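Scroll down for the structure; my scribbles are underneath it.
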Amino acid sequence: MLSKPHKTRSNSAEKFQNLVLSWFDQHGRKNLPWQQNKTPYRVWVSEIMLQQTQVSTAIPYFERFLQRFPTINQLAKATEDEVLHLWTGLGYYNRARNLHKTAKIIAASHSGQFPATQLLLENLPGIGRSTAGAILAIAFEKKAAILDGNVKRVLTRLHAITEWPGEKKTTETLWKMAEKYTPSHRVADYTQAMMDIGATLCVRGTPRCTECPFQKTCKAHQLGIAKTLPKKKVSVKIPTRQITLLIFVLNNQYVLLEKRPSSGIWGGLWSLPETAYTQSTDSLRKAARALIKRPIDKIRLGEQFRHTFSHFHLEIQPALISLKPSRGKIMEADQQIWYNLLQPDTVGLPAPVKTLLMGLNK
DNA sequence: AAATCGGGGCG
DNA sequence: CGCCCAGATTT
């Protein structure tokens with residue numbers, strides 16, 4: 001048989017993989033909830049949750065989500081409100097809506113079976129190049145690269161890449177590296193290990209280089225610039241907006257909520273009626289009367305607080321508007337609910353709204 | 001107070 | 001394709 005002479009010395013990618021895999025065997029995380037009973041469905045849900053959320057935050061959400069929706073078909077049958085309910089507090093609610101959409105697609109068009117190619121996965125809502133790679137590698141043991149925030153940080157330091165990683169060219173370079181290093185053997189462990197190294201050793205701020213398996217090879221460490229990488233995007237000051245949120249309280253038990261449009265901030269969540277910022281009782285009375293016909297008992301201001309988004313600060317002035325008690329049936333308009341504080345509906349709430357409502361219960 | 005994080009959507 | 005947008009947590 002004709003064959004090329006066998007290489008006796010492993011190349012640099014193989015050396016790298018061996019470092020990563022033996023680090024994983026000794027230090028990698030192997031007991032995360034989604035690493036037990038590993039199915040494509042569980043891996044997918046975890047990857048979506050982890051897109052913008054740290055492991056420790058995601059764990060309780062993952063447990064509750066899987067408890068309620070053990071299979072993708074059960075998720076597909078759920079209402080969007082219930083999916084958003086389980087997502088309340090996690091943020092980026094588009095992720096939850098896309099998760100639901102994708103479950104419906106897979107239940108209907110793939111007979112409940114997760115597709116296992118890069119192209120099919122990337123065509124599903126909420127799954128891009130990196131998440132598709134993670135599902136292929138972790139759930140299917142298929143050779144596929146990921147480039148999440150952790151891997152980006154590891155690679156920029158390893159190669160001392162000083163350009164901002166958001167540059168198109170730099171991102172492409174990083175993807176090329178990620179692909180070059182990805183092994184065909186034990187790719188699930190490798191992928192988990194890279195995320196673990198990024199999350200526990202190669203952290204932003206001060207990396208723990210002395211404990212790192214790449215200590216000898218890391219360019220940034222050699223140059224003493226690990227701490228300064230990846231280069232930050234030039235920061236922009238974000239503006240502050242002010243609003244007043246109206247808390248209509250009826251019979252000391254019900255609070256009026258309105259469903260927000262499905263796109264934009266808090267898309268699809270149930271929020272408090274909003275009005276232009278004011279602290280004047282007179283204008284609050286006017287705004288309240290425009291929104292509701294019931295007679296007002298009294299109005300008082302809550303304590304103003306701040307909620308920050310990626311691109312603006314929101315100063316929230318809560319206003320409690322107690323309504324005169326009502327005995328008859330309480331009517332709800334379309335896109336409106338009287339949220340029962342004692343028996344909360346299973347709907348999604350923005351984090352500050354949830355905080356406000358919990359405060360009322362005390 | 002600043003930084004973070006992957007993907008969707010729009011022009 | 002380039003650019004803008006989304007939320008809560010950590011540092």
Side-chain angles (χ1 to χ4, degrees), chain A residues 43-61 84 86-102 105 118 121-135 144-156 164-172 174-175 178 191 194-195 198-200 202-208 227-241 243 260-269 271 305-316 348-356:
Chain A
V43 169
W44 165 60
V45 173
S46 73
E47 285 302 324
I48 301 299
M49 286 187 174
L50 292 170
Q51 276 173 3
Q52 267 88 0
T53 308
Q54 297 208 337
V55 166
S56 57
T57 309
I59 288 175
Y61 284 87
L84 288 169
L86 288 165
W87 212 266
T88 289
L90 261 188
Y92 289 92
Y93 299 93
N94 213 15
R95 292 184 294 170
R97 289 197 305 276
N98 283 333
L99 201 75
H100 192 215
K101 280 185 202 159
T102 287
I105 293 170
Q118 189 82 29
L121 286 169
E122 281 185 38
N123 275 328
L124 295 166
I127 301 180
R129 186 172 174 182
S130 188
T131 303
I135 295 170
I146 67 160
L147 188 64
D148 70 346
N150 291 311
V151 176
K152 253 182 218 170
R153 200 164 47 247
V154 171
L155 293 179
T156 52
W164 177 54
E167 289 296 329
K168 184 177 150 59
K169 222 183 137 203
T170 314
T171 304
E172 260 324 295
L174 289 167
W175 268 112
T191 303
M194 287 296 283
M195 296 191 290
T200 64
C202 200
V203 294
R204 83 177 161 102
T206 309
R208 306 167 196 274
K227 207 180 162 159
T228 72
L229 299 180
K231 191 183 171 193
K232 285 170 274 184
K233 191 187 177 186
V234 279
S235 67
V236 267
K237 269 185 112 176
I238 60 177
T240 299
R241 293 185 206 163
I243 56 163
R260 296 188 55 93
S262 62
S263 64
I265 284 172
W266 296 333
L269 303 192
S271 187
F305 65 99
R306 189 148 104 152
H307 185 80
T308 300
F309 294 92
S310 55
H311 56 307
F312 66 92
H313 300 294
L314 188 63
E315 296 271 352
I316 298 171
L349 304 175
V353 171
K354 189 176 184 187
T355 308
L356 282 170

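Just so you know, these numbers come straight off a predicted model, no measurement behind them. First the proteins, then the strands, lettered A, B, ... as listed; each starts at 1.
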- prompt: When you match A:W266 and A:K168 each to their closest nucleotide on DNA chain C, which lands nearer the 5' end?
  reply: A:K168

- prompt: Mind checking whether A:H100 and A:L84 have side chains closer than 4.5 Å, heavy atoms only?
  reply: no

message: Applying a 4.0 Å non-hydrogen cut-off, can you work out what A:R306 is touching in the nucleic acid: base, sugar-phosphate, or nothing?
response: sugar-phosphate

- request: Send over the distance from A:L50 CG to C:dT10 P, rounded to a whole Å.
  value: 14 Å

query: Closest heavy-atom contact between A:P352 and A:W266?
result: CG-CZ2, 3.6 Å

query: Which atoms form the tightest heavy-atom contact between A:C202 and A:R153, and what is the distance?
result: O-NE, 2.7 Å

- request: Would you indicate which nucleotide in B:dG7, C:dT11, C:dG7 comes nearest to any side-chain atom of A:R204?
  value: C:dT11

message: Is there a side-chain contact between A:I127 and A:W44 in this structure, where contact means two heavy atoms from C-beta onward sitting under 4.5 Å apart?
response: yes

query: Taking the side chain as C-beta and beyond, is there a heavy-atom pair between A:R129 and A:L147 under 4.5 Å?
result: no

field: Atom pair distance, as rounded to whole Å: CG in A:L349 and P in C:dA8
entry: 11 Å

Could you list all N or O pairs between the protein and nucleotides 9-11 of chain B that sit under 3.5 Å apart?
none

- prompt: Between A:F309 (CZ) and B:dT4 (P), how many Å, whole number?
  reply: 20 Å

query: Tell me: CG of A:L84 to P of C:dG7, nearest whole Å?
result: 10 Å

query: Can you check whether A:L99 reaches A:W87 side chain to side chain, under 4.5 Å on heavy atoms?
result: yes

OP1 or OP2 of B:dA1 under 4.0 Å from side-chain N/O of A:T308: no

- request: Would you name the heavy atoms of A:S130 and A:D148 that are closest together and state the gap between them?
  value: OG-N, 3.6 Å

- request: May I ask you to say what A:R95 touches in the nucleic acid, namely base, sugar-phosphate or nothing, with a heavy-atom cut-off under 4.0 Å?
  value: nothing

query: Using the C1' atom in both, what is the distance from B:dG7 to C:dT10, to the nearest Å?
result: 22 Å

message: In this structure, how many angstroms lie between the P atom of B:dC5 and the CD atom of A:Q54, rounded?
response: 9 Å

query: In terms of side-chain heavy atoms of A:Q52, which of C:dT10, B:dC5, B:dG7 is nearest?
result: B:dC5

- prompt: Contact class for A:G267 (heavy atom, under 4.0 Å): base, sugar-phosphate, or nothing?
  reply: nothing

- prompt: For A:L124, which contact category applies under a 4.0 Å heavy-atom criterion: base, sugar-phosphate, or nothing?
  reply: sugar-phosphate

- prompt: Given that A:G126 and A:Y92 both sit by DNA chain B, which one's nearest nucleotide is further toward the 5' end?
  reply: A:Y92

query: Below 4.0 angstrom from OP1 or OP2 of B:dC5, is there any side-chain N or O of A:R153?
result: yes

Pair A:F309 + A:H307: ring centers closer than 6.0 Å: yes

query: So what does A:I48 touch, heavy atoms closer than 4.0 Å: a base, only the sugar-phosphate, or nothing?
result: nothing

task: Determine the interatomic distance between C1' on C:dT9 and the same-named atom on B:dG8; round to the nearest Å.
output: 23 Å

- line: Nearest-nucleotide check on DNA chain B, A:I127 vs A:T53; residue mapping nearer the 5' end is A:T53

message: Expressed as a whole number of angstroms, how long is the span from A:K231:NZ to B:dA3:C1'?
response: 16 Å

statement: Distance col, row A:N123:CG vs A:Q118:CD, nearest 0.5 angstrom, shows 10.5 Å

task: Give the rounded distance in Å between these two atoms: CD of A:E47 and P of B:dG7.
output: 9 Å

statement: Taken to the nearest whole Å, CG/A:N150 to P/B:dC5 is 7 Å

field: Given DNA chain C, 5'-ward residue of the pair A:G205 and A:Y93, judged by closest heavy atom
entry: A:Y93

message: C:dG7, OP1 or OP2 - any side-chain N/O from A:H307 closer than 4.0 Å?
response: no

